[in-house]
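Only one structure is covered here, and it is reproduced in the block below.
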Amino acid sequence: MAAGIVSSDHVQNGQADLRFDSGRACLDLLATAHPVERIDSPARLRAWLVGAGLIPEGARLDRVDADCVVAFRELRADLDRLVRDAPEPPAAESPALDAALARLNTFAAAAPPAPRAVRAADGGLVRVLHPDPAGPALLAAVARDAVELLTDPVARSRIRQCEGDNCPLIYLDTSRGRRRRWCSSEVCGNRERVARHRRRTALTRT
Ligand SMILES: [Zn+2]
């Protein structure tokens, strides 16, 4: 099983086909649009929120509903524009980017899921999140991650698009020497290795 791609024990939780290997929660959200829509129900959104590390496993997410799914997809569309299309340095005037920024900031303005200190079985205190956060809090958690990424010049300079054929996935290159080329070396990297091998054997045959 490929590293970074969910393992089989996640399949039961609805995390099959979801990927969490971009290096940032907000970029993991972008990956849910490829190659087909992955956030297609409240249950899938709940699975994504847990997989992305925004909500602890087992937390109640009863308030994640169909409206929340729509809002997450809207946030994702804005994020996609801001991450992919934003020139470096940003263009002085771009009404479409400015509108996307305004919506991102509105999502980020809400309070994210509240942390709480609760007693563990051994009597010590552990930090947990509010057990049943509403949609705006969950959207705020992702939007704030995006605000941090977009306003951090070092992190921003490490945003890459996968070099795989027709792969639109975006990731943060935190590798040593900044040499990560693929969204996943097991998926797109392996595909390229296979293609290279095929070309080589075709050449030796001619
Ligand atoms: Zn890829």
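Worth saying up front: this structure is predicted, and the values here are computed from it rather than measured. Atoms within each ligand, like the ligands themselves, are counted from 1 in listed order.
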**Report entry** Polar contact flag, side-chain donor to acceptor under 3.5 angstrom, Thr32-Arg76
**Finding:** yes

Query raised in the report: Does Val142 belong to the same Ile/Leu/Val/Met/Phe/Trp/Tyr cluster as Phe107, with side-chain heavy atoms less than 4.5 Å apart forming each link?
Result: yes

Requested in this report: Run the salt-bridge test on Glu148 and Arg144 with the 4.0 Å N-O cut-off and return the result as yes or no.
Outcome: no

Requested in this report: Please determine which of Leu54, Leu79, Leu49, Asp80 meets the side chain to side chain contact (heavy atoms under 4.5 Å, CB included) test together with Leu29.
Outcome: Leu79

Requested in this report: Could you tell me whether the side chain of Arg119 and the main chain of Gly124 form a donor-acceptor pair under 3.5 Å?
Outcome: no

Report task. Could you pull out the N/O/S protein atoms under 2.8 Å of the Zn ion (ligand 1), ignoring any water? Result -> Cys162 SG, Cys167 SG, Cys183 SG, Cys188 SG

Query raised in the report: From Trp182 CH2 over to Glu192 CD, what is the distance, rounded to the nearest 0.5 angstrom?
Result: 5.0 Å

